[in-house]
Amino acid sequence: MAAIQLYNTLSRQLEALRPPTGEPLGMYTCGLTVYDYGHIGNFRTFIAVDVLQRFLLSEGYQLNAVLNLTDIDDKIIERARTAGHGVGEHAAIYARAFEQDMELLGLRQPEHLVRATAHIEAMVAWCDRLIATGHAYISQGSVYFRVASFPAYGALSGKDAESLLVGARVESGLEQKEDARDFVLWKAHKPGEPSWPSPWGPGRPGWHIECSVMAMHYLGASFDLHAGGADLVFPHHENEIAQAEAVTGERFVRHWFHVEFLLVESEKMSKSLGNYYTVRDLIARGVKPSALRYLLASVPPRRSLNFTHEGLEQSAAAVERLTGFRDRLRRNGENQPPAGADRAVEWVRTARENFRAALADNLNTAAALGAVFEMVRAGNAALDAGEMTAQAARAALDFLAYFDGIFGVLGDEDEARLAAYALGTGLELSAPALDMAAIEARLAERAAARARRDYSRSDELRRELEQLGVVVEDVKGGEQKWRVKK
RNA sequence: GGCGCGGUAGCCAAGUGGUAAGGCAGAGGUCUGCAAAACCUUUAUUCGUGAGUUCGAUUCUCACCCGCGCCUCCA
């Protein structure tokens, strides 16, 4: 297969990712600032990164992935104060919540899940180097990056020095900066705020320095791939580049991967509009993790995603089509006569090729799903025609397993994850537990009724079962198949 | 104003210089005791608008309209 192409924000074009070698691919992702629960926009990014990473692994790459949590910042301090928490305590609460959301959505554990406060010394040391090399200066106990000392500033976001100055002047001039574009690396201590010692006095790190320092700490001065939300391009990632490259002189990141914004009902998500959703908001409404994951993964990362409740329902229906097909394969696949086997295996191979090619083309998840569904239709048709051989069924099941290893949407673990999530978060799930005893009893009675062709009783029992939350389907051979009602 | 992304059927959405993947929803049919599921057929003579290049454009160029993001700490 051709090399994996990804859009690189820095060059503004598709670029081939280096091929897999024995050397792991170094990848850094800007994670959450833990002042509150992560919202679905955050998780859109993390799911896109997750799909990318799982795809890379399936293509033979080794990964060294770093995901950071920002656990010291203005907003955390402010929210902690409002909530009556200590700052560390507040951050810990939401860091834990993030990890719960991560597990619920099946996000891959990165090789390093790192926190800013665990790397303060390294940040101080880096500030020191920036000062020593003339790229930063001390002003009233704070340290600022001297943008004028880094001519390449603005390359990532396509901004020129002049427009940056115009933008910056709008801001208040209270800070003691040489130049309006300069940004803070280290904030001097203020009463009532956490602080760490430094050569310039107590204080805390600025936002941008943490990512440069932690990325280089785990991945080296120059690494392969850096991901994050599109809104981080400027200033955050621009500043990361400046902080790193000003000292090292090396190209900080080869490939910048940005995930577009998420809208809700075509509007920017905001608390004031009442369209702001955290993961737990949706789970509490009975949304399945697999459906949420499907929706967030189904739109390619470079396109903005319009999140709607209708979209969630459509996603849930699409997931059911996939799992329904898999169930059919498992039920029927083994008992069919093996005849003309090779033709049926052919469409699985085609689907796999198209699927891989789509993902390799800038992670085109929509096209990749198209390939999967084309196989589903072909497979269902073969099953209907009684032409599904054991070999073809196995090939299709293998492909579905491979597919789900990347997309993670078939929902096999929904129930277990929801249970663990409810336990961990104390969240009450709206989905009522099934009364299995009552269901089993009615299924048995219905089977008996059907055996004696008492269809009115059978239909009555089907209605009762629906009340109990399950849909019954009569499969050929008189067998009853049931599933949880949507 | 600057930089960037996007406007494809009721909804979500792929895509190509040669005539529109896929999913959801809808309609008809097959199957079924009835259903469900599945399958088949059907639902955009048309891809924001206008002009241009071309034998031919949704795909290239230009202009315009609309939506969205960023422009100093928001994923």
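Chain naming here is simple, since letters A, B, ... match the order of the sequence lines and numbering starts at 1 in each.
In this entry B/C62 has B/G50 as its Watson-Crick or G-U wobble partner, both defining distances falling under 3.5 Å. B/U72: no Watson-Crick or G-U partner with both key distances under 3.5 Å is found in any strand. Across the strands present, B/A57 finds no partner; the criterion is a Watson-Crick or G-U wobble pair with both atom distances under 3.5 angstrom. The pairing partner recorded for B/U30 is B/A38, the criterion being a Watson-Crick or G-U wobble arrangement whose two distances lie under 3.5 angstrom. B/C24: Watson-Crick or G-U partner is B/G10, with both key distances under 3.5 Å.
Nucleotides B/U32 and B/G48 have their C1' atoms positioned 47 Å apart, rounded to a whole Å. On the P atoms, B/A37 is 47 Å away from B/C71, given to the nearest whole Å.
For A/Arg462, counting side-chain heavy atoms from C-beta on, the closest listed nucleotide (B/A35, B/A75, B/A14) is B/A35. Taking only side-chain atoms of A/Arg181, from C-beta outward, the nucleotide of B/G33, B/U72, B/A75 with the closest atom is B/U72. In the set B/A38, B/G23, B/C74, the nucleotide with an atom closest to the side chain of A/Tyr294 is B/G23. The A/Arg328 side chain lies nearest to B/A38 when the options are B/C24, B/A38, B/A75. When distances are taken from the side chain of A/Phe234 to each of B/C71, B/C73, B/C34, the shortest belongs to B/C71. The side chain of A/His39 lies closest to B/A75, out of B/A75, B/G10, B/G33. Comparing B/A37, B/C74, B/A38 by their closest approach to the side chain of A/Glu473 singles out B/A37.
Across all strands shown, A/Val299 has heavy atoms under 4.0 Å from sugar-phosphate atoms exclusively, and none from any base. Across all strands shown, A/Gly206 has no heavy atoms under 4.0 Å from either base or sugar-phosphate atoms. A/Ser458 comes within 4.0 angstrom of a nucleotide base, judged by non-hydrogen atoms across all strands. A/Lys75 comes within 4.0 angstrom of sugar-phosphate atoms only, judged by non-hydrogen atoms across all strands, and of no base. In this structure, A/Leu295 reaches neither bases nor backbone, as no heavy-atom distance under 4.0 Å exists between it and the strands shown. Among the heavy atoms of the strands lying under 4.0 Å from A/Gly228 are primed sugar atoms or P, OP1, OP2 only; no base atom is included.
Residues from residues 362-369 of chain A placing a heavy atom under 4.0 Å of any atom in RNA chain B, listed by number, are A/Asn364, A/Ala366, A/Ala367.
If you check distances only, the side chain of A/Asp384 never reaches the base of B/C31 with a donor-acceptor pair under 3.5 Å. Applying the 3.5 Å distance criterion, the base of B/C12 shares no donor-acceptor pair with the side chain of A/Gln314. Judged by distance alone, with hydrogens and angles left aside, A/Glu374 brings no side-chain donor or acceptor close enough to the base of B/G22 to form a pair under 3.5 Å.
Between A/Tyr94 and A/His90, the ring planes are tilted. Angles from 30° to 60° get that label.
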Inset, instruction - Check the pair A/Glu260, A/Arg302 against salt bridge (charged side-chain N to carboxylate O under 4.0 Å, His left out), reporting the backbone distance first and the verdict last. - result: CA-CA 5 Å; A/Glu260 259 308 316; A/Arg302 286 206 70 227; over 6 Å; no
Inset, instruction - Decide salt bridge (charged side-chain N to carboxylate O under 4.0 Å, His left out) for A/Asp384 and A/Arg328; before the verdict, give the C-alpha distance in whole Å, the side-chain angles of both, and the deciding distance to 0.1 Å. - result: CA-CA 10 Å; A/Asp384 279 358; A/Arg328 279 189 85 183; 2.7 Å; yes
Legend entry - Test log, rule salt bridge (charged side-chain N to carboxylate O under 4.0 Å, His left out), inputs A/Asp474 and A/Arg446: CA-CA 11 Å; A/Asp474 297 317; A/Arg446 186 165 178 276; 2.9 Å; yes
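An aromatic stack links A/Phe261 and the base of B/A75, using centre distance under 5.5 Å and interplanar angle under 30°.
Taking the six-membered ring wherever Trp is involved, the centroid distance between the rings of A/Phe403 and A/Phe355 falls below 6.0 Å. Aromatic rings of A/Phe145 and A/Tyr137 (six-membered ring for Trp) have centroids beyond the 6.0 Å cut-off, not under it. Checked against a 6.0 Å centroid threshold, the rings of A/Tyr28 and A/Phe257 do not count as neighbours. The aromatic ring centres of A/Phe98 and A/Tyr37 sit 6.0 Å or more apart.
Rounding to whole angstrom units, CD of residue A/Glu240 and C1' of B/U72 are separated by 14 Å. If you measure from atom CD of A/Glu310 to atom P of B/A13, you get 11 Å, rounded to the nearest angstrom. Nucleotide B/U32 holds its P atom 12 Å from the OH atom of A/Tyr455, rounded to whole Å. Between A/His208 atom NE2 and B/C73 atom C1' there is a gap of 5 Å when expressed in whole angstrom units. We find that CZ of A/Arg450 is positioned 11 Å from C1' of B/A36, with the value rounded to whole Å. The distance between atom CG of A/Leu296 and atom C1' of B/A75, rounded to the nearest whole Å, is 12 Å. Straight-line distance from the CG atom of A/Leu10 to the P atom of B/C3: 18 Å, rounded to whole Å. Residue A/Glu479 contributes atom CD, which lies 14 Å from atom C1' of B/A37 at whole-angstrom precision.
Among A/His255, A/His237, A/His258, the one residue that satisfies the ring pair (Phe, Tyr, Trp, His ring centres under 6.0 Å) test with A/His226 is A/His237. Results of the ring pair (Phe, Tyr, Trp, His ring centres under 6.0 Å) test with A/His208 over A/Tyr144, A/Trp186, A/Phe183 single out A/Phe183 as the only residue that passes.
The shortest distance between the side-chain N/O atoms of A/Lys268 and the OP1/OP2 oxygens of B/C70 is below 4.0 Å. Contact annotation: A/Arg377 does not reach the phosphate of B/A38 (side-chain N/O to OP1 or OP2, under 4.0 Å). An OP1 or OP2 oxygen of B/C39 is reached within less than 4.0 angstrom by a side-chain nitrogen or oxygen of A/Arg321.
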Legend entry - Contact pattern, 5' to 3', of nucleotides 4-9 of chain B - B, S or - by protein heavy atom under 4.0 Å: SS-S--
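Checked for salt-bridge contact, A/Glu445 and A/Arg457 meet the test: a charged N lies under 4.0 Å from a carboxylate O.
Mapping A/Val475 and A/Asp231 onto RNA chain B by nearest heavy atom places A/Val475 at the nucleotide closer to the 5' end.
For residues 233-245 of chain A, the set of pairs meeting the salt bridge (charged side-chain N to carboxylate O under 4.0 Å, His left out) definition, not counting sequence neighbours, is empty.
At a threshold of 4.5 Å between non-hydrogen side-chain atoms, the residues A/Ser139 and A/Lys177 do not count as touching.
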